[in-house]
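Remember, it's 1-based here, ligands and their atoms both numbered in the order they're listed. Keep in mind that what you see is a predicted model, and the values were worked out from it rather than measured. Here, residue 1 is the first one in the sequence, and each next residue gets the next number.
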Amino acid sequence: MIWRHATGVIELNTPRILGIVNVTPDSFSDGGRLATLDDARRLIDRLVEEGADAIDIGGESTRPQGAEPVATAEELRRVIPVIDAARRDHPRIPVSVDTVKASVAEAALDAGASIVNDVSGFRLDPRMPEVCVAARAGVVLMHSRGDVADMATFVHAKYSDDVVADIVRELATQIDRASEAGVDRECLVVDPGIGFSKRAEHSLAALAQLDRISALGLPVLIGVSRKRFIGTITGVDAPAARVGGTIGANVAALDRGARLFRVHDVKPNRHALDVAWSIAMAAPRTRAAARAVTA
Ligand code: HH2
C-alpha cells in the first residue's frame with residue numbers, strides 16, 4: 001500500500017509517524033508552547049531527528065472542553081510561516097496541514113504542504129474537495145460529528161448498539177464525497193477520529209474493531225496521542241504524562257491494521273512501533289523501508 005500526496009509518496013511498508021506541531025495557544029496537551037517561529041522550527045527539528053516520517057501542522061484547536069473557532073486570517077498567520085520553514089529546513093519530509101478550512105488548505109498547499117488533514121472529513125467546507133483535487137494533495141478523512149467548537153465534546157456522542165457500524169457508514173459517505181469530487185483513491189487515508197464525539201467506550205470499540213475500518217479498503221491513520229480515554233484508563237491527568245498509554249494504544253492499533261500514527265512524542269512511539277512491527281514481520285525493520293518516503 002502507498003499514500004500518494006502532492007509532492008511524492010509515502011510507502012506504507014512499515015509504520016509511519018506524523019509528528020504533531022500545534023501552533024495554537026489552546027491545544028489540550030501542548031497549547032501555547034510555540035511562541036515564536038524559532039520555537040516551532042526547533043520542535044520540527046526534534047520530531048524529524050526522532051524519526052517522524054511527516055509533520056502535521058495545525059493552527060486551530062478542537063480541544064475536548066469545547067474550542068474557540070479561529071478566524072481564517074489568524075489561522076493563516078499561525079501556520080503558513082511554519083509550513084514554509086519546515087519545507088526549507090527539511091525538504092525530504094512531507095508536511096500535512098491540519099485544517100477544516102479550504103482557504104487555509106489552499107494557502108498551505110501553495111506554501112509547500114502536500115497533505116490535508118481535515119478533521120471534519122470534508123463535511124464543513126464545500127470547497128475543500130476541489131482544493132485537494134487541484135493540488136493532488138494527500139487527504140486524511142477523519143470521522144467526526146458537529147463543528148469545530150463541539151466535535152471533540154460529547155454533544156454528538158450518540159450511537160446505535162454498533163458504534164463501529166455507525167462510524168464505518170459515516171466514513172463511507174465521506175469517501176464517496178471525496179471520490180465524486182475527483183480525489184484519487186491512492187491519495188486517501190481514513191481515521192476513526194479517536195475522542196471526536198466519542199466517549200472512552202466508543203474510542204475503545206473503534207480501536208478494538210479497527211479491522212472493520214480497514215475493510216473500507218484505505219490505509220488507516222489513528223490519533224490517540226495523550227488523549228482523554230488514556231487518562232480515564234490510567235488515571236493520569238496530565239496529558240504530557242500519557243506517553244505509556246499512547247504507546248499501548250498505538251501498538252494495539254498497529255496489530256489491528258493501522259499504518260499511520262499521529263503523535264506528539266515521536267521517539268518512544270518510533271521505538272515501540274518499530275519493535276512491534278519487527279516482531280510482526282519476524283525481521284528487523286530495515287533502513288531501506290524507513291527511507292521509502294518522498295517529499
Ligand atoms: N486529533 C486531534 C487533532 N487532529 N487529526 C487526525 N487525523 N486524527 C486525530 O485523531 C486528530 C487530528 C486532536 O489532538 P491535538 O492536535 O493534540 O489537540 P488540539 O485539537 O487540542 O490541538
- prompt: Going by distance only, is there an N or O of D56 that falls short of 3.5 Å from an N or O of ligand 1?
  reply: no

query: Should the proximity of K227 to ligand 1, defined as any heavy atom under 4.0 Å, be assigned to the side chain, the backbone, both, or neither?
result: side chain

query: Would N269 and H264 count as having a side-chain donor-acceptor pair, cut-off 3.5 Å?
result: no

- prompt: Counting only heavy atoms, which portion of D98 has something under 4.0 Å from ligand 1: side chain, backbone, both, or neither?
  reply: side chain

field: Enumerated ligand 1 atoms positioned under 4.0 Å from heavy atoms of V140
entry: 7 (N)

query: Is the ring centre of H202 less than 6.0 Å from the ring centre of Y159?
result: yes

message: Donor-acceptor check, side chain of H90 to backbone of R92, threshold 3.5 angstrom: yes or no?
response: no

message: Under 3.5 Å between any N/O of L221 and any N/O of ligand 1: does that happen in this structure?
response: no

message: Out of all atoms in ligand 1, which are within 4.0 Å of some heavy atom of V119? Include the element for each.
response: 4 (N), 5 (N), 12 (C)

- line: Closest to atom 21 (O) of ligand 1 (heavy atoms only, candidates S144, P239, S203, S61) is S61

task: Mind checking whether D191 contacts ligand 1 via backbone (N, CA, C, O), side chain (CB onward), both or neither, at a 4.0 Å heavy-atom cut-off?
output: side chain

query: Hey, are D150 and H156 close enough side-chain-wise for a donor-acceptor pair under 3.5 Å?
result: yes

query: N/O of H264 under 3.5 Å from N/O of ligand 1, yes or no?
result: yes

- prompt: Looking only at side chains, do D166 and S160 share a donor and an acceptor under 3.5 Å apart?
  reply: yes

query: Do the side-chain N and O atoms of T24 and N22 include a donor-acceptor pair separated by under 3.5 angstrom?
result: no

task: Consider only side-chain N and O atoms of S96 and R262, and report whether a donor and an acceptor are under 3.5 Å apart.
output: no

